[in-house]
Peer 1: 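Structure below; questions to follow.
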Protein chains: 2
Amino acid sequence: MISVSLVEDHADTRESLAALIDGAPGFRCASVHASAEEALQNIPKQNPDVALVDINLPGMSGIECVAKLKNLLPQLPILMLTTYEESELIFNSLRAGARGYLLKKMAPMELIPAIEQVHAGGAPMSMPVASKVVEYFQQRQNASSEMEKLTQREQEILALLAQGFLYKEIGERTGISFSTVRSHLRNIYEKLHVQSRTEATVKYLGAR
Amino acid sequence: MISVSLVEDHADTRESLAALIDGAPGFRCASVHASAEEALQNIPKQNPDVALVDINLPGMSGIECVAKLKNLLPQLPILMLTTYEESELIFNSLRAGARGYLLKKMAPMELIPAIEQVHAGGAPMSMPVASKVVEYFQQRQNASSEMEKLTQREQEILALLAQGFLYKEIGERTGISFSTVRSHLRNIYEKLHVQSRTEATVKYLGAR
DNA sequence: AGTTCCATAGGCCGTTCGGCCTATACCACG
DNA sequence: CGTGGTATAGGCCGAACGGCCTATGGAACT
């Protein structure tokens with residue numbers, strides 16, 4: 001029996017979701033909450049198996065609610081359920097600790113398997129959401145045109161540099177001398193059009 | 001009719017996949033390729049609707065193959081199909097331009113809907129893969145808890161620091177003295193548990 | 001055989017950074 | 001009315017950095 005808590009301010013949506021969950025064999029709606037504040041007070045008492053949270057709530061947003069819930073119940077898998085598919089909302093929700101992100105326009109029948117999936121350790125996402133997440137990784141590809149001009153060795157040294165190692169330590173780790181590290185860095189800086197360690201680090205991190 | 005090209009070195013896997021695709025109504029296996037090199041030469045001629053690529057290929061890896069294919073055919077949606085679920089392989093595949101990532105251990109019947117999904121602009125991922133992708137976003141959460149301990153002023157200065165400005169320049173931009181910049185930085189470094197500009201920059205960039 | 005790229009190595013020198021110290025003024029909370 | 005947190009400011013000093021210079025050996029391509 002998987003118990004589910006809902007956080008949703010619209011009364012009718014809330015009730016139809018509760019009915020849908022209670023109507024599915026093996027699922028139970030543990031509690032419903034009309035606001036983030038109320039949810040934070042009461043969900044820990046219920047200790048459900050899964051939480052379904054709307055983003056657009058009065059007062060504290062659903063995203064903040066997820067972050068605070070994660071602090072109280074780090075093991076609780078949380079699903080966002082919302083109308084919005086803006087990238088920023090998606091990414092912020094995931095950063096806050098949500099494990100899945102569903103759009104309300106999806107077929108209600110798909111909700112139950114999604115709850116099952118997130119309970120089993122999965123990360124259910126509606127199709128356009130998964131696309132945006134994948135595209136997030138690909139953006140970083142563009143900035144790496146300058147990075148491609150670096151030789152293997154140079155990339156290796158840059159990776160260490162970006163982790164904060166001293167020139168001396170980079171030399172030890174790669175088996176070359178301090179002077180050679182500096183020679184490589186000179187070339188790296190020129191190729192990346194930067195003049196400092198920090199700028200090189202920013203470019204390096206931005207390109208992955 | 002959705003046409004699919006395969007890149008897979010194991011002959012038996014390759015043939016059973018081809019048979020599976022040709023056996024599905026509305027799907028056609030456009031071509032099969034045993035190596036990345038061969039695929040790069042011939043897939044552009046076939047111009048399929050979808051490509052399925054294995055990671056573990058002799059010679060050029062499947063990930064490199066995806067990157068080069070993306071250059072030749074930027075619109076082609078590519079699905080990785082592989083045994084490995086290491087995070088680095090997943091992330092590198094997505095960075096290279098793959099739109100989905102499937103594990104071979106999944107049920108063969110799920111392959112066809114996944115191809116359909118990626119062709120429709122989706123991003124199909126096997127359950128453990130989607131989990132790892134979501135967890136990638138959550139890592140950033142940890143680093144930002146330290147960031148929250150910084151005062152407004154400190155965050156402002158850190159932002160400039162992470163862009164590579166000299167202490168002197170940071171002072172000019174914020175209207176405070178060089179010495180005060182250093183005082184703030186001392187506190188910032190202590191709060192973030194770092195001892196260099198580069199480490200602070202990495203934490204800062206990782207938390208956004 | 002010559003050219004070009006890469007990895008290796010070093011010297012010199014001024015600038016920047018970061019650790020350690022102290023100090024004042026303000027504001028809020030108890 | 002003290003206590004603590006924040007923003008401001010400075011001195012001293014050694015370590016680290018980065019710009020400039022040159023140089024050699026190997027690999028690859030022409």
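Chain letters run A, B, ... following the sequence lines, proteins first, then strands; residues in each count from 1. When reading the values below, keep in mind they use all heavy atoms of this one structure, side chains included, and skip hydrogens, waters and symmetry mates.
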Peer 1: Please report the distance, rounded to the nearest Å, between CD1 in Ile170(A) and P in dA7(C).
Peer 2: 15 Å
Peer 1: Are Ser131(A) and Arg99(B) linked by a side-chain donor-acceptor pair shorter than 3.5 Å?
Peer 2: yes
Peer 1: Output yes when Glu154(A) and Lys191(A) qualify as a salt bridge under the 4.0 Å nitrogen-oxygen rule, no when they do not.
Peer 2: yes
Peer 1: Kindly point out which of dA7(C), dA7(D), dG18(C) is positioned nearest to the side chain of Arg153(B)?
Peer 2: dA7(D)
Peer 1: Parallel, tilted or perpendicular: which one describes the rings of Tyr136(B) and Phe137(A), with boundaries at 30° and 60°?
Peer 2: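 Judged by the thresholds at 30° and 60°, the geometry between Tyr136(B) and Phe137(A) is tilted.
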Peer 1: Taking the minimum atom-to-atom distance to the side chain of Thr151(A), which one of dC6(C), dG19(C), dG18(D) wins?
Peer 2: dC6(C)
Peer 1: For DNA chain D, determine which residues of residues 173-193 of chain A have any heavy atom closer than 4.0 angstrom to one of its atoms, and list them numerically.
Peer 2: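 Here the set is Arg182(A), Arg186(A), Tyr189(A).
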Peer 1: Going through the checks in order, is the salt bridge (charged side-chain N to carboxylate O under 4.0 Å, His left out) test met by Lys104(A) and Asp54(A)?
Peer 2: CA-CA 9 Å; Lys104(A) 282 186 180 166; Asp54(A) 184 31; 3.3 Å; yes
Peer 1: Give the rounded distance in Å between these two atoms: CD of Gln195(A) and P of dT16(C).
Peer 2: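 Answer to the nearest Å: 12 Å.
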Peer 1: Reading DNA chain D from 5' onward, which residue's closest nucleotide shows up sooner: Val194(A) or Glu154(B)?
Peer 2: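 Between the two, 5'-proximity favours Glu154(B).
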Peer 1: Does Glu135(A) pair with Lys132(A) as a salt bridge, N-O distance under 4.0 Å?
Peer 2: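 Between Lys132(A) and Glu135(A) there is no salt bridge, as every charged N stays at least 4.0 Å from the carboxylate O atoms.
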Peer 1: CD1 of Ile157(A) versus P of dA7(C): gap in Å, rounded?
Peer 2: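 So the two atoms are 8 Å apart, to the nearest Å.
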Peer 1: Starting at atom CD of Glu172(A), determine the distance to atom C1' of dA9(C), rounded to an integer number of angstrom.
Peer 2: 17 Å
Peer 1: Using whole Å, report how far CG of Leu166(B) lies from P of dG18(C).
Peer 2: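 The answer, rounded to whole Å, is 11 Å.
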Peer 1: To the nearest Å, how far apart are Lys168(B) NZ and dG14(C) P?
Peer 2: 17 Å
Peer 1: Starting at atom CD of Glu199(A), determine the distance to atom P of dC17(C), rounded to an integer number of angstrom.
Peer 2: 11 Å
Peer 1: Would you mind reading off the distance between Leu161(B) atom CG and dG18(C) atom C1', rounded to a whole angstrom?
Peer 2: 12 Å
Peer 1: Taking all atoms of both residues into account, what is the closest heavy-atom pair of Glu85(B) and Pro128(B), and its distance?
Peer 2: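 That closest heavy-atom pairing would be OE1-CB, 3.4 Å.
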Peer 1: Over 60° means perpendicular and under 30° means parallel, so classify the ring planes of Tyr167(B) and Phe178(B), tilted if in between.
Peer 2: tilted
